[in-house]
Asker: 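Just passing along the structure, written as structure tokens.
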Amino acid sequence: MWKLHCTIITFMAAACRVVSSLDVPFTEVANATQRRAVCLDGSPAGYYYSAGSGDGARNWLIYLRGGGWCQNIDSCQSKLNQSFGSNRFLPPFRNLTGILSSNNQINPDFYNWNRIYVGYCDQSSFLGDSEFDDGQGLKLQFRGSRIFDAVVDDLLAKGMGVGENAILSGNSAGALATILHCDGFRERLPDVGRVKCLSDAGFFFRGEKVLNADYREKFFASTIVFHNISSFLPVTCTERIDPSLCLFPENLGGDIQTPLFILNKKQLITDFGAAFIKAVREISNNPSRGMFIEACFSHAVAYDERYWSPNSTIKLGNLTIQEAFANWYFDRDSITLITTANFLENCN
Ligand SMILES: *[C@@H]1O[C@H](CO)[C@@H](O)[C@H](O)[C@H]1NC(C)=O
Ligand SMILES: *[C@@H]1O[C@H](CO)[C@@H](O)[C@H](O)[C@H]1NC(C)=O
Ligand SMILES: *[C@@H]1O[C@H](CO)[C@@H](O)[C@H](O)[C@H]1NC(C)=O
Ligand SMILES: *[C@@H]1O[C@H](CO)[C@@H](O)[C@H](O)[C@H]1NC(C)=O
Ligand SMILES: *[C@@H]1O[C@H](CO)[C@@H](O)[C@H](O)[C@H]1NC(C)=O
Ligand SMILES: *[C@@H]1O[C@H](CO)[C@@H](O)[C@H](O)[C@H]1NC(C)=O
């Protein structure tokens, strides 16, 4: 199916081209600039949106893209000329894949949902609301919280609030954002029956006195200071321990109430691995949390059709990742699948 699509985007001229029905256009959030829902460089926040249809029309799946964090002037400045710091560098159209695919062979459970791929350009996991000015012409916008809120507002305006099912998901820095925003997302959807979260490669583990814990601690601590996000971190963590440790999911202390599914690569060092699994189990007090912890994963998997497909060779308890997640999401089964491997073998 082909049609003519025209867009007028503030930073591009009006553009018309023939697009395939798989092409999903980039949409700026409404009034992005006035609302200061902007990227590091001040460009408008936005997302790729594909409308739901048929029995998926009232279901919503949000996927937060990842792409690291910046934690000082140099690292933030280096993001200004890429899509991780500026939406000017996002393509005007994108084919959504994996868990966002519109192909029912690849993505049988969610292919006809409203599917949203959110650009990641704030570099602090969709947290924060401040700006940086070095007094010499370099200005950086730290508006992650405004971006997240504005995206949710836009989707509520499209009908998400009267939907039946909703999922907040994301990969890497977007997966950490998913953990941190999961309960807040649930609160914004009081009338939606089933709201759950999927964190794909977001369980960044500090551990204690092992494997460069100090390095990871300093990295997150400087991100928190540079973006001034202490007051956006979960109070249940910041009132108990030093806020500089509150980007580590292991320190959230089991406080997440909304059902959360953790997809993550297992840490393959015996002691560290055991501590990691214990921390994953403790992240939420909600008995309906789920997990699929594999050794062979690449960093993130839900958007990758090598893994998110009925043909994926990665299985635990005979279930592919998508079967495990769907069984958990639709309350067919509780899912706790953790590989027993302690070293890499037979990964392909
Ligand atoms: C955008 O701004 C216009 C003018 O200020 C206002 O009328 C409109 O309601 C706003 N829309 C949203 C979604 O905030
Ligand atoms: C982006 O800017 C940095 C300097 O901030 C420079 O080192 C890098 O080469 C630039 N990359 C591109 C793709 O222009
Ligand atoms: C999306 O996929 C279709 C079919 O393979 C292709 O024609 C189109 O160019 C792709 N669009 C983008 C933005 O990659
Ligand atoms: C899965 O593999 C079978 C057999 O090779 C193939 O016919 C089918 O198209 C594949 N499905 C997907 C979604 O790739
Ligand atoms: C940092 O955040 C606090 C609390 O949100 C705010 O009062 C303060 O003005 C912010 N500082 C900067 C430099 O943005
Ligand atoms: C997986 O399926 C095989 C073949 O159907 C069966 O023998 C095995 O017991 C199953 N394993 C699990 C963990 O369910």
Side-chain angles (χ1 to χ4, degrees), residues 8-10 22 27-38 40 42 44-47 49 70-73 76 95-112 116 118 122-136 138-162 180-181 184 188 220-235 237-239 242-244 246-247 301-315 318-323 325-326 348:
I8 302 174
I9 316 185
T10 46
L22 295 173
T27 312
E28 284 178 8
V29 300
N31 297 342
T33 307
Q34 296 95 306
R35 304 185 61 186
R36 282 178 284 160
V38 295
L40 281 185
Y47 49 84
Y49 169 64
C70 70
Q71 73 285 3
N72 53 42
I73 293 178
C76 291
N95 281 329
L96 303 179
T97 60
I99 194 172
L100 293 181
S101 171
S102 60
N103 180 335
N104 66 356
Q105 302 295 304
I106 293 166
N107 187 31
D109 298 291
F110 309 114
Y111 73 97
N112 63 354
I116 299 98
V118 184
D122 65 276
Q123 289 291 309
S124 55
S125 281
F126 294 88
L127 295 181
D129 183 20
S130 64
E131 61 190 4
F132 172 85
D133 187 341
D134 74 349
Q136 303 180 348
L138 176 67
K139 287 197 169 102
L140 299 168
Q141 297 292 321
F142 296 143
R143 304 294 181 190
S145 292
R146 282 184 184 267
I147 293 174
F148 185 80
D149 291 345
V151 168
V152 172
D153 286 346
D154 259 30
L155 300 176
L156 290 173
K158 292 187 197 306
M160 180 168 66
V162 293
L180 295 164
H181 282 291
R188 298 212 57 197
F220 269 167
S222 33
T223 301
I224 290 166
V225 170
F226 197 56
H227 291 256
N228 193 23
I229 57 173
S230 293
S231 61
F232 294 89
L233 295 165
V235 179
C237 180
T238 56
E239 69 187 8
D242 191 319
S244 70
C246 291
L247 277 179
V301 296
Y303 198 66
D304 183 335
E305 291 177 5
R306 285 175 303 168
Y307 302 97
W308 196 273
S309 151
N311 286 354
S312 170
T313 55
I314 305 259
K315 292 186 180 185
N318 281 348
L319 297 174
T320 60
I321 296 160
Q322 61 178 204
E323 287 166 339
F325 179 69
N348 50 34

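Just follow the structure's listing: the first ligand is 1, and inside any ligand the first atom is 1. Computed from a prediction, not measured in an experiment: that's the story for all the values here.
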Asker: Answer yes or no: does an N/O atom from Asn228 fall short of 3.5 Å to an N/O atom of ligand 5?
Answerer: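 In this structure, Asn228 places an N or O atom under 3.5 Å from an N or O of ligand 5.
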Asker: Could you tell me which atoms of ligand 4, counted from 1 in the order shown, lie closer than 4.0 angstrom to a heavy atom of Ile106?
Answerer: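 Counting atoms of ligand 4 from 1, those under 4.0 Å from Ile106 are 13 (C).
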Asker: Side-chain contact test, heavy atoms from C-beta onward, threshold under 4.5 Å: evaluate it for Leu233 versus Leu127 and give yes or no.
Answerer: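 Of all side-chain heavy-atom pairs linking Leu127 with Leu233, at least one is under 4.5 Å.
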Asker: List the residues meeting salt bridge (Lys or Arg N to Asp or Glu O under 4.0 Å) with Arg306, not counting sequence neighbours, and say none if there are none.
Answerer: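 Testing Arg306 for salt bridge (Lys or Arg N to Asp or Glu O under 4.0 Å), a comparison that skips the adjacent residues, returns Asp304.
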Asker: Looking only at side-chain N and O atoms, does Tyr47 offer a donor or acceptor that is under 3.5 Å from a partner on Asp154?
Answerer: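 Side chains of Asp154 and Tyr47: pair found under 3.5 Å.
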Asker: Testing the 3.5 Å rule here: is there a donor-acceptor pair between the side chains of Ser244 and Asp242?
Answerer: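 On atom types as modelled, these side chains qualify, holding a pair under 3.5 Å.
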Asker: Fit a plane to each ring of Phe142 and Phe132, take the angle between them on a 0 to 90° scale, and name the class: parallel (under 30°), tilted (30 to 60°) or perpendicular (over 60°).
Answerer: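 It falls in the tilted class, 30° to 60°.
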Asker: Hey, is Arg143 close enough to Asp122 for a salt bridge, meaning N to O under 4.0 Å?
Answerer: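 No, no charged N to carboxylate O under 4.0 Å.
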Asker: Show the distances, to 0.1 Å, for all pairs joining an N/O atom of ligand 1 and a protein N/O atom that are shorter than 3.5 Å, listing one pair per line.
Answerer:
residue  : atom   : partner : partner atom : Å
ligand 1 : 2 (O)  : Asn31   : OD1          : 3.2
ligand 1 : 2 (O)  : Asn31   : ND2          : 2.3
ligand 1 : 11 (N) : Asn31   : ND2          : 2.8
ligand 1 : 14 (O) : Asn31   : ND2          : 3.1

Asker: Indicate yes or no for a side-chain donor-acceptor contact from Glu131 to the backbone of Leu140 under 3.5 Å, with no hydrogens or angles considered.
Answerer: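 Between the backbone of Leu140 and the side chain of Glu131 there is no qualifying donor-acceptor contact (under 3.5 Å).
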Asker: So if I count the atoms of ligand 5 from 1 in the order they appear, which ones are less than 4.0 Å from some heavy atom of Ser130?
Answerer: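 Within the 4.0 Å cut-off of Ser130, ligand 5 contributes 14 (O).
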Asker: Return a yes/no value for Asn311: is any of its N or O atoms, backbone included, closer than 3.5 angstrom to an N or O of ligand 4?
Answerer: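 Yes, there is a polar N/O contact under 3.5 Å.
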Asker: Within a distance under 4.0 Å of any heavy atom of Ser231, pick out the atoms of ligand 5 and give their elements.
Answerer: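 Contacts of ligand 5 toward Ser231, numbered from 1: 4 (C), 5 (O).
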Asker: Got a donor-acceptor contact below 3.5 angstrom from the Asn104 side chain to the Tyr111 backbone?
Answerer: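 Flag not set: sc Asn104 to bb Tyr111 has no pair under 3.5 Å.
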